[in-house]
Amino acid sequence: METPVLVVGGGPVGLALVLELGWRGIPCTLIEQSDGSVPMPKMNEVNTRTMEFCRRWGIAERVMQCPFPNDFPMDVVAVTKLGGYELGRVERPARKDQRPGPFSPMNLQVCAQHWFDPMLRERAQRFPGVSLLYRHKLESFEAAQDAVLAQVSALDTGERITVRARHLVGCDGARSSVREALGVKLEGSDVLSHSMHLFFRTHDLLGKLGVAPATFFAAMDGGGYWGNIRAIDPKRGLWRLLFDVPAAFDAAQLDREAWLRRAVARPGPVEWLSASQWTRRGVVAERFSAGPVHLAGDAVHQVSPTGALGMNTGICDAVDLGWKLAAVIGGWGGERLLSSYDAERRLAGARNVRMATQYYEGQAQFQEGLEPLEDDTPEGAALRARVGPQALAHITRMFRTLGLQIGYRYEDSPICVPDGTAPPADDPANYVPTARPGARAPHVALADGRSTLDLYGRGFVLLRLGTGAPHGGPLEEAAAARHVPLEVVALQEPEVLDVYERRLVLVRPDGHVAWRSDTVPSDPLALIDRVRGA
Ligand SMILES: Cc1cc2nc3c(=O)[nH]c(=O)nc-3n(C[C@H](O)[C@H](O)[C@H](O)COP(=O)(O)OP(=O)(O)OC[C@H]3O[C@@H](n4cnc5c(N)ncnc54)[C@H](O)[C@@H]3O)c2cc1C
């Protein structure tokens, strides 16, 4: 079998990559060892940047109409237990009450993985060049300078298939065999905790307890901060309970009912559905690529779930790598284009790993001296009054992360041209719009109802902003000479010029700014060569 791109792993990141490639008209093959079903979700929060990509892929409406009730507030709350004391609440509106904010046409959505993955899969399958092979496992591969030979087994028939691919991408998760085979090491905090989560079903849990709805409950009691409870599918009564366990904990010894009593005041009978034991890590791979083999998603960064960044980080990898693979296969990407994937995404991944680890470690402040926290005494009330604001600050930090979601920048990227301006402060909570090269080109609402983001995607876009914008002709000619797809878009809205700050702005296919200036560059061909990685 031959394919330009062989993607190993059909989790959300592998699916996003083949969707991105299919959308760009690049044939590719995905192999996934399982049958693709997601019996229980890990991921729940599809963040703003991922939603912007979903908008481009044409699935944003579906995500927003997922079975999570659209009148259920997405609030996150710190509690002593469900039906116990509420210590702090961060309000996040229900889907029906969401309005686009100033910085994006999209909002973060709660859409658990058993709904989200099939949406990616169905959309990817609609592209004729995308082939998804479930129950197919990568056994081994050999990489040469510009091709990969992979041995794949079809698990249902036992057939062995040799796949020749120009590029192989390991999206094969935390235990990536592709990463192992390349000898790529992980750097960072190898073990942050040993953790478990349990899924259970019970109907009207919050209603029976008289608790105001929220999607996420951070739980702390006299024994300290111990875990969280998450509404996965409130309509069907599906909940998840998550906590840390000692190293080498024997799951057979787990007392589920005791954990339920810790989590819920007056628990009724519940149906236990499944349990999963895992290790929380904060690690990033030392390299994201080796020749024609690349790695993406959990294969290269393992992110503590605190902050809901794991999959969302991986989807940004898929988009960054996707356009670069398409450019190289399309013949216009330069020989250094693919190596910029590592330069751009490794730092972005490390930033998210660092912040998610900090959010997890922030729980340590709630370990000591909380014994009376649940007591109905003046001492308990005084403690709650003291701990409440700290608990609120902690959950606010963990869930108000727009700066992380859309404020990541490819500083020092070899394929972006610095303009000499100073970088804005890196603020994980707040996003500060900037069109500095390397940044995500900001959203500005256009007069015709579109977003500037709707202009980007297929090829490069040269924005000519305001009435006095120089002519884009020289850059158009240079792009044509190198077969680089480039569209010139003139916008008169003063708001766009205000935010983008220059009259000419070159935006890449992934929606990041490559270059900006008030004047045409002296050597347009050199500029085009730089941004196409030649
Ligand atoms: C409790 C919890 C909550 C989370 N919540 C969020 C959240 O709200 N938001 C968020 O962004 N992230 C969240 N995450 C993280 C998120 O689930 C992961 O980052 C994400 O699933 C990683 O996707 P992936 O595609 O890289 O890897 P995976 O989902 O692990 O997929 C890898 C796939 O590769 C396949 N595979 C492996 N080896 C082979 C092989 N040899 N041949 C063929 N196939 C192979 C596997 O079967 C698997 O399907 C959470 C994680 C946990 C544990």
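In this chain, residues are counted from 1 in sequence order. If you're wondering where the values come from, they're calculated on a predicted model, not measured in any experiment. Counting convention: from 1, in listed order, for ligands and their atoms alike.
Both the backbone and the side chain of Pro12 come within 4.0 Å of ligand 1, counting heavy atoms alone. Here Arg175 has no heavy atoms under 4.0 Å from ligand 1, in either its backbone or its side chain. Contact annotation: for Ala174 versus ligand 1, there are no heavy atoms closer than 4.0 Å.
Shown in contact with Gly173 at under 4.0 Å from a heavy atom are these atoms of ligand 1, numbered in order with element: 27 (O), 30 (O), 32 (C). Within ligand 1, counting atoms from 1 as listed, the ones closer than 4.0 Å to a heavy atom of Gly297 are 26 (O). Below 4.0 Å from some heavy atom of Lys137 lie the following atoms of ligand 1, by number and element: 41 (N), 42 (N), 43 (C). Every atom of ligand 1 is numbered from 1 in the order shown, and the set under 4.0 Å from a heavy atom of Arg240 is 1 (C), 3 (C). Listed by number with element, the atoms of ligand 1 under 4.0 angstrom from any heavy atom of Cys171 are 32 (C), 33 (C), 34 (O). Close approach to His136 involves these atoms of ligand 1, each under 4.0 Å from a residue heavy atom: 43 (C). Contact atoms of ligand 1 toward Leu309: 11 (O) (distance under 4.0 Å to a heavy atom of the residue). In the vicinity of Lys42, heavy-atom distances shorter than 4.0 Å reach the ligand 1 atoms 2 (C), 3 (C), 4 (C), 5 (N), 17 (O), 21 (O), 30 (O), 51 (C), 52 (C), 53 (C).
Every residue meeting the ring pair (Phe, Tyr, Trp, His ring centres under 6.0 Å) condition with Phe216, not counting sequence neighbours, appears here in chain and number order: Phe399.
For the 3.5 Å distance criterion, the side chains of Asp244 and Tyr360 qualify, holding a donor opposite an acceptor. A side-chain N or O of Tyr431 and one of Arg440 form a donor-acceptor pair less than 3.5 Å apart. A donor-acceptor pair shorter than 3.5 Å cannot be found between the side chains of Ser340 and Glu344.
Counting heavy atoms from C-beta outward, Ile31 and Lys137 have side chains that stay 4.5 Å or more apart.
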Under 3.5 Å, which donor-acceptor pairs do the side chains of residues 110-117 form with other protein atoms, sequence neighbours left out?
from, atom 1, to, atom 2, distance (Å)
Gln113, OE1, Lys42, N, 3.1
Gln113, OE1, Met43, N, 3.0
Gln113, NE2, Asp117, OD2, 3.3

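When the heavy atoms of Leu242, Val46, Asp172 are ranked by distance to atom 37 (C) of ligand 1, first place goes to Asp172. Counting only non-hydrogen atoms, the option in Asp35, Leu108, Val13 that gets closest to atom 25 (O) of ligand 1 is Val13. Of the candidates Glu32, Gln33, Glu139, Met43, the one placing a heavy atom closest to atom 13 (C) of ligand 1 is Met43. Summarising the contacts of atom 9 (N) of ligand 1 with His197, Glu45, Met40, the nearest heavy atom is found in Glu45.
Ligand 1 has an N or O atom lying under 3.5 Å from an N or O atom of Asn312, backbone or side chain. Polar contact with ligand 1: present for Met311 (N/O pair, distance under 3.5 Å).
For the pair Arg49 and Tyr408, the cation does not sit on the ring face, since its NZ or CZ is not both under 6.0 Å from the ring centre and inside 45° of the axis.
Between Met106 and Met64, the shortest heavy-atom distance links the atoms CE-CE, 4.1 Å.
With Asn47 contributing its side chain and Gln405 its backbone, the two residues share no donor-acceptor pair below 3.5 Å.
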Quiz item: What do the steps show when you test Trp57 against Glu20 for side chain to side chain donor-acceptor pair (under 3.5 Å), and what is the final call?
Solution: CA-CA 8 Å; Trp57 294 328; Glu20 176 73 11; 3.0 Å; yes
